[in-house]
Colleague: 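The structure follows.
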Amino acid sequence: MDAWHSGVRHDGSMTTLSAPLQGLLEREPEPLAPLRSTEVRYEHDGVPLAGHLVAPSGPGPFPGVLVVHDWYGVGDYVRVRCELLARLGYVALAADIYGDGVRPVDPDQASALARGFYADLPLLRARATAGLERLRAEPAVDGTRVGAIGYCFGGSTVLQLARTGADLAGVVSFHGGLQTGEPGTAQAIRAALLVLTGAVDPVVPDSAVAAFQDELRQAPGLDWQVVSYSGAMHAFTIPGVDSPEHGSQYNAVAERRSWTAMKDFFGEIFG
């Protein structure tokens with residue numbers, strides 16, 4: 001299960017933002033020099049993909065952050081997150097896991113798409129890796145300082161990307177699913193992990209958090225943190241989500257605190 005959206009466009013454009021997303025965008029001040037924002041076309045195994053890139057002005061090099069969408073695909077929400085990251089001085093690429101033009105419009109479609117990728121983890125990891133490679137190909141990106149973040153489905157995805165042993169400085173999962181792997185596979189993770197979850201999220205219950213932490217403890221050299229936010233359900237960072245009957249609800253306090261935690265984390269690992 002993933003976020004139930006309200007008043008958020010998912011048609012691939014960001015011409016007029018909803019009021020909640022516009023408020024979110026005002027979280028970080030605009031830089032004096034204009035940001036560079038562009039659609040990015042790339043592919044994986046012959047499948048065309050359409051991402052969205054936002055970068056600070058200038059040649060760089062800048063740290064790069066891969067951003068993976070929730071179960072609705074690349075839309076306004078993830079584009080706003082990319083712009084916020086660029087305002088902080090990062091090159092941010094919204095990776096496309098589903099494919100160009102594959103943008104579900106309702107929860108049933110989104111759930112079916114997400115379940116298909118969860119059932120094919122090699123494909124999920126490969127699509128995320130394709131996005132990471134496209135980010136690294138940007139001339140302005142410092143290849144030694146690259147991280148990844150994701151929301152809901154995307155939070156699960158970036159943790160799966162970390163399990164490939166990808167060369168990432170750090171990975172941040174916002175209310176993502178916490179799947180465990182085969183015994184011993186956590187040792188492949190090279191990135192520092194920051195897992196931000198809701199303390200009353202029925203999609204990611206305490207049992208899942210405990211099992212995930214137990215697995216990470218089997219990799220003694222791994223740098224990881226799990227933060228639970230009181231009163232927060234699934235999708236707590238997404239304005240407009242208000243479906244507590246489905247376990248999903250925006251929580252302004254948890255959203256603000258989790259964004260600050262991510263900034264502190266990247267400030268530390270990127271130096």
Colleague: So, the side chain of Gln179 versus the backbone of Ala208: is there a donor-acceptor pair under 3.5 Å, distance only?
Modeller: no
Colleague: Same cluster or not: Ile238 versus Val227, using hydrophobic residues (I, L, V, M, F, W, Y) connected whenever any side-chain heavy atoms lie under 4.5 Å apart?
Modeller: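 Ile238 and Val227: one cluster.
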Colleague: Quick one: does Leu113's side chain get under 4.5 Å of Val102's, heavy atoms only?
Modeller: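 Heavy-atom side-chain distance check passes, below 4.5 Å.
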Colleague: Nearest 0.5 Å, what's the CG-CG distance between Leu21 and Leu25?
Modeller: 8.5 Å
Colleague: Show your reasoning for whether side chain to side chain contact (heavy atoms under 4.5 Å, CB included) applies to Phe266 and Val65.
Modeller: CA-CA 10 Å; Phe266 280 153; Val65 179; 4.1 Å; yes
Colleague: Please report the closest heavy-atom contact between Asp242 and Gln249, naming both atoms and the distance.
Modeller: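 Reported closest heavy-atom pair: OD1-NE2, 2.9 Å.
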Colleague: Evaluate the side chain to side chain contact (heavy atoms under 4.5 Å, CB included) criterion for residues Val78 and His52: first the C-alpha distance (whole Å), next the side-chain angles of each, then the deciding distance (0.1 Å), finally the verdict.
Modeller: CA-CA 9 Å; Val78 74; His52 181 76; over 6 Å; no
Colleague: Minimum heavy-atom separation for Pro20 to Pro239, with atom names?
Modeller: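 Scanning both residues completely, I find the closest heavy atoms to be CB-CB, 3.5 Å.
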Colleague: Can you name the nearest heavy-atom pair linking Ser248 to Ala235, along with the distance?
Modeller: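 Smallest interatomic distance, heavy atoms only, reads CB-CB, 4.3 Å.
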Colleague: If you look at every heavy atom in Ser230 and Asn251, which pair is closest and at what distance?
Modeller: O-ND2, 4.3 Å
Colleague: In sequence, state the C-alpha distance, the side-chain angles, and the governing distance for Leu135 and Val91, and then conclude on side chain to side chain contact (heavy atoms under 4.5 Å, CB included).
Modeller: CA-CA 8 Å; Leu135 174 64; Val91 176; 4.1 Å; yes
Colleague: Within the side chain of Arg36, is there an N or O that forms a donor-acceptor pair under 3.5 Å with the backbone of Ala55?
Modeller: no
Colleague: Are Arg115 and Ser111 linked by a side-chain donor-acceptor pair shorter than 3.5 Å?
Modeller: yes
Colleague: For side chain to side chain contact (heavy atoms under 4.5 Å, CB included), just list the numbers for Asp45 and Leu123, CA-CA rounded to whole Å, side-chain angles, deciding distance to a tenth of an Å, and then say yes or no.
Modeller: CA-CA 10 Å; Asp45 200 20; Leu123 177 59; over 6 Å; no
Colleague: Could you grab the distance from atom OH of Tyr42 to atom CG of Leu93, nearest 0.5 Å is fine?
Modeller: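 Reported value, rounded in 0.5 Å steps: 6.0 Å.
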Colleague: Decide if the gap between the ring center of Phe236 and the ring center of Tyr229 is smaller than 6.0 angstrom.
Modeller: yes
Colleague: Hey, what do you get for NE2 (His234) to CG (Asp70), rounding to the nearest 0.5 Å?
Modeller: 9.0 Å
Colleague: Please answer: with hydrophobic residues joined when any side-chain heavy atoms are less than 4.5 Å apart, are Met233 and Tyr151 in the same cluster?
Modeller: no
Colleague: Treating Ser243 as the side-chain partner and Glu245 as the backbone partner, does any N or O pair qualify as donor plus acceptor under 3.5 Å?
Modeller: no
Colleague: Between Glu138 and Arg134, is there a side-chain heavy-atom distance shorter than 4.5 Å?
Modeller: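 Contact flag for Arg134/Glu138 side chains = yes.
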Colleague: Asp76 versus Leu17: any side-chain heavy-atom pair under 4.5 Å?
Modeller: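 Heavy-atom side-chain distance check passes, below 4.5 Å.
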Colleague: When rounded to the nearest 0.5 angstrom, what is the spacing between OG1 in Thr164 and CG in Leu121?
Modeller: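 CG of Leu121 is found 12.0 Å from OG1 of Thr164.
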Colleague: Does the side chain of Leu159 reach to within under 4.5 Å of the side chain of Leu193, using non-hydrogen atoms?
Modeller: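 Yes; the side chains approach each other to less than 4.5 Å.
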Colleague: Would you indicate whether Arg257, at its atom CZ, is surrounded by more than 12 heavy atoms from other residues, nucleotides or ligands within a distance under 6.0 Å?
Modeller: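 Counting neighbours around CZ of Arg257, 12 or fewer heavy atoms of other residues, nucleotides or ligands fall under 6.0 Å, so no.
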Colleague: Heavy atoms, side chains only, cut-off 4.5 Å: are Val209 and Val226 in contact?
Modeller: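 Heavy-atom side-chain distance check passes, below 4.5 Å.
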Colleague: Applying the ring-ring contact (aromatic ring centres under 6.0 Å, His included) criterion to Phe153, which one of Phe174, Trp71, Tyr98 satisfies it?
Modeller: Tyr98
Colleague: Salt bridge (charged side-chain N to carboxylate O under 4.0 Å, His left out) with Glu28: which of Arg87, Lys263, Arg81?
Modeller: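 When salt bridge (charged side-chain N to carboxylate O under 4.0 Å, His left out) is applied between Glu28 and each of Arg87, Lys263, Arg81, only Lys263 qualifies.
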Colleague: Out of curiosity, does Leu35 fall in the hydrophobic cluster containing Val80 (side-chain heavy atoms, cut-off under 4.5 Å, transitive links)?
Modeller: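 No, Val80 and Leu35 fall in different hydrophobic clusters.
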Colleague: Do the side chains of Leu124 and Val204 join up, straight or via other hydrophobic residues, at under 4.5 Å, putting them in one cluster?
Modeller: yes
Colleague: Tyr77, Leu88: one ILVMFWY side-chain cluster at the under-4.5 Å cut-off?
Modeller: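 Yes; Leu88 is reachable from Tyr77 via cluster members.
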Colleague: Does Arg103 reach the main-chain N or O of Gly99 with its side chain, forming a donor-acceptor pair under 3.5 Å?
Modeller: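 Flag set: sc Arg103 to bb Gly99 pair under 3.5 Å.
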Colleague: Testing the basics here: between Gly64 and Phe270, what is the closest heavy-atom pair and its distance to 0.1 Å?
Modeller: O-CZ, 4.2 Å
Colleague: Would you say Asp206 has more than 12 foreign heavy atoms packed within less than 6.0 Å of its CG?
Modeller: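 Check fails, neighbour count at 12 or below.
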Colleague: Is Glu255 salt-bridged to Arg27, cutoff N-O under 4.0 Å?
Modeller: yes
Colleague: Does any non-hydrogen side-chain atom of Arg190 lie less than 4.5 Å from one of Leu168?
Modeller: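 When only atoms from C-beta onward are counted, Arg190 and Leu168 do not touch, as no gap falls below 4.5 Å.
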Colleague: Decide whether His175 and Thr237 meet the rule of one side-chain donor and one side-chain acceptor closer than 3.5 Å.
Modeller: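 Yes, a side-chain donor-acceptor pair sits under 3.5 Å.
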Colleague: Taking the side chain as every heavy atom from C-beta outward, state whether Val67 and Leu85 have any atom pair closer than 4.5 Å.
Modeller: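 Side-chain contact under 4.5 Å: yes.
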Colleague: Check Ala191 against Val171 and note the closest heavy-atom contact, atom names and distance.
Modeller: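 Minimum heavy-atom separation between Ala191 and Val171: CB-CG2, 4.0 Å.
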Colleague: Kindly say whether Ala211 contributes a backbone atom to a donor-acceptor pair with the side chain of Glu215 at under 3.5 angstrom?
Modeller: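 No, Glu215 side chain to Ala211 backbone: no donor-acceptor pair under 3.5 Å.
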Colleague: Just by distance, do the side chain of Ser156 and the backbone of Gly177 share a donor-acceptor pair under 3.5 Å?
Modeller: yes
Colleague: I want to check something: taking the side chain as every heavy atom from C-beta on, are Leu49 and Arg127 in contact at a cut-off of under 4.5 Å?
Modeller: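 In short, these two side chains touch, coming nearer than 4.5 Å.
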